[in-house]
Amino acid sequence: MKVKRTIVVAISLIILFSVLLYRLADIQLLSTEQFGKKDVNLLEASVEQRTQSVLLHNGRGSFLDHNGVSVTNPPQLDVVFFPFLKDIDVPIEEVAALVNEPSWKLEQWITQSEEPFYVSDQLGRTLTEKEYEAFQDLNFPGMISVNRAKPGDPEVATHFLGVVRGKGASGLEETFEEFLSSKDEEKLLYHVDGKGDPLFGLNVNYLGQQDPYYPVQVKTTLDLGLQKQAEALIDASEMEEGGLVLMDIESRNVLAMVSRPQLDSNDPNRYENHMIKSYSPGSVFKTVVAAAAIEHPNVNIRETYNCNLSINEGKEPSRSLGFLTFEESFAQSCNYTFAKIANEMMAQDEDVLENYAAKLGITDFVGWKGDLFRLKDFKQFGREDRNQIWGADPQKMVPLAISQTAIGQLDVKMSPLSMTNMMATIASDGIKKEVRGVTDILYKNGSEFIEFPEHKDLDNRLSSYSALKLQELLQQVPTAQGTASSLQGLNIAGKSGTAEVENEEGMKKQIFHHWFAGYFPYDQPKYAMVVVTLNSKRSEPTYSVYKDMVSYIYEQENKEEMKRRDPAFE
């Protein structure tokens, strides 16, 4: 019996040791890169347990403004301190003098640190170039001078640029995800033992590919100075909902785009970018009716219109303006005139308004689109709303519906981006182009990866004569006799609009969308701009922001001209 028991125990021990030996071989030799049900990479896990690291760059692409200035993750000169400094003789007094801090504070940073840290985070400011170079000259082990890309959300143009969160992404971050997605992180690391003491001496290693191509840089059309000023003016006006679009007329590049409420960085989908969403444009849409009337053979724009009448027969108008010419009706925004003209034109051609919206470049979408790289029908403004004139049940034979459509109500929906583009089309003598928010994608080394060329549309365009007539009409609105008299004297051409907002049951809410869409200077057009205050009883923010933004741009251009003439000018 004892012999049998001994044999059983021996066999059991052999089996147990065999299992343990197999397990050990599996861990150390066979399954080092895919161990267990979760396929854990044991080699990487072992290294992670024995290393401390600090992130230099998360590997995601970044954005530049049109001058090449970084607007997200801007590179920052910095110095990393590693924890093993506490175990070596550091020249505390000399280092403290470099950053103008007391030596006791510097010693405290080092002795209390368990992880590597950036000096700028401790200082609460960025290092100057002089301080950075001083650390480089010091060249002390454990104090590593780096060029750091500090992660974080953009501080300006947040709706335009967007953010990335677990709940989703927004803006250009979402649209250009294919190009921006992280490649390889860049880190500084060093190895430690179980007590946290450095292994292999005091060497710090760089981890990451020295890739000249990635991460890429997306070069936007934004002018950082104009963007910051636009945001400051919008916020100073206390506009709760609405925003601004500023565009270069020649290129159709967006120079500034502001939307309020501000983006909720924790939930990118909570607050939309109102500048690419569509809303009732009110009387701004009369520009489309005017364009059609100018070219229509059976409309006599030389007659006089009774602006004491309402578009609703038998009802009193909100304003009694007397008898006005076509030009006066546009300047004073007489609803009756444009309702009457629209009904006359629609009786002969029920598609006349769509046709002239197309001539003005505001049919459907206005943002840059096309085939790109491996992507078909790529859109720079991925969440841009489609513009519309008629709803799902178009009432093209109903006189009152035509009248309401003619004044930009009922089912008319236009985005501020598209209204800005319409003004740019008129200012450029009828030339239509798609709107760009990005001009290039650049490799890390600055060389060209992808270019977004201007997309010009030469089909079905407005004649130069008609564009000139519209320019003349738009110049009369910001005058003493026009509806935008507060903007007179600024060399602006444009159209105001007030759209009454209805609830889901079609009942009036007594709140409005207040628009001004225009371009300037009207004698030498360079900029097109829309400011809109949404869902508000107050129209003041629209006009105060428009006026102040135009004045700021003129002031900056005057300064640039003075510098050009006299380089010593400050």
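- You'll find the side chain of Ile276 reaches within 4.5 Å of the side chain of Arg383, heavy atoms only.
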Point to revise | Verdict with supporting geometry, Asp351 and Lys396, salt bridge (Lys or Arg N to Asp or Glu O under 4.0 Å) | key: CA-CA 9 Å; Asp351 296 326; Lys396 294 186 176 183; 2.9 Å; yes
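- Looking only at side-chain heavy atoms (C-beta outward), Gln488 and Ser485 come within less than 4.5 Å of each other.
- The pair Arg564-Glu560 does not count as a salt bridge, with every side-chain nitrogen at least 4.0 angstrom from each carboxylate oxygen.
- In this structure, a donor-acceptor pair under 3.5 Å is present between the side chains of Ser463 and Glu295.
- A side-chain donor-acceptor contact under 3.5 Å links Gln227 to the backbone of Met257.
- Of the charged side-chain nitrogens involved, at least one lies within less than 4.0 Å of a carboxylate oxygen, so that Lys469 and Glu472 count as a salt-bridged pair.
- Between Leu470 and Leu462 there is a side-chain heavy-atom pair separated by less than 4.5 Å.
- When side chains are defined from C-beta on, Tyr554 counts as touching Asn491, because their heavy atoms get closer than 4.5 Å.
- A salt bridge does not link Glu238 to Arg538: none of the charged side-chain nitrogens sits closer than 4.0 Å to a carboxylate oxygen.
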Give the table of side-chain donor-acceptor pairs shorter than 3.5 Å for residues 312-326, with sequence neighbours excluded, one pair per line with atom names and distance.
{"residue": "Arg319", "atom": "NH1", "partner": "Gln332", "partner atom": "O", "Å": "3.1"}
{"residue": "Arg319", "atom": "NH2", "partner": "Gln332", "partner atom": "O", "Å": "2.8"}
{"residue": "Arg319", "atom": "NH2", "partner": "Ser333", "partner atom": "O", "Å": "2.7"}
{"residue": "Thr325", "atom": "OG1", "partner": "Glu328", "partner atom": "N", "Å": "3.1"}
{"residue": "Thr325", "atom": "OG1", "partner": "Glu328", "partner atom": "OE1", "Å": "3.4"}

Point to revise | salt bridge (Lys or Arg N to Asp or Glu O under 4.0 Å) assessment of Glu434 paired with Lys369 | key: CA-CA 8 Å; Glu434 292 176 355; Lys369 55 187 176 296; 3.3 Å; yes
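- Of the possible donor and acceptor atoms, one in the side chain of Glu384 sits under 3.5 Å from a partner among the backbone N and O of Gly367.
- Side-chain N/O atoms of Gln388 and Ser278 include no donor and acceptor closer than 3.5 Å.
- In this structure, the ring-ring contact (aromatic ring centres under 6.0 Å, His included) partners of Phe176, at least two apart in sequence or on a different chain, are Phe378, Phe452.
- For the pair Lys379 and Phe365, the cation-pi test (distance below 6.0 Å, angle within 45°) is passed.
- In this structure, Phe516 and Tyr543 have tilted ring planes: the angle between them lies in the 30° to 60° band.
- At least one side-chain heavy atom of Glu354 sits less than 4.5 Å from a side-chain heavy atom of Trp390.
- A donor-acceptor pair under 3.5 Å is absent between the side-chain atoms of Asp440 and the main chain of Lys219, judged by distance alone.
- Judged purely by distance below 3.5 Å, without hydrogens or angles, the side chains of Thr72 and Arg60 never pair a donor atom with an acceptor atom.
- Checked by atom type and distance alone, the side chain of Tyr527 never pairs as donor or acceptor with a backbone atom of Val550 at under 3.5 Å.
- Contact of the Val254 side chain with the Thr420 side chain is not registered, since no non-hydrogen atoms from C-beta on lie closer than 4.5 Å.
- Here the side chains of Gln476 and Phe330 are not in contact, with every heavy-atom distance at 4.5 Å or above.
- The pair Asp153-Arg165 counts as a salt bridge, with a side-chain nitrogen and a carboxylate oxygen less than 4.0 angstrom apart.
- Side-chain atoms of His274 do not come within 3.5 Å of backbone N or O of Gly243 as any donor-acceptor pair.
- Side chains of Pro154 and Val163 form a contact here, defined as non-hydrogen atoms less than 4.5 Å apart.
- The closest donor-acceptor contact from the side chain of Arg252 to the backbone of Ala424 lies under 3.5 Å.
- A salt bridge (charged side-chain N to carboxylate O under 4.0 Å, His left out) with Lys559 is found for one member of Glu555, Glu561, Glu557 and no other, namely Glu555.
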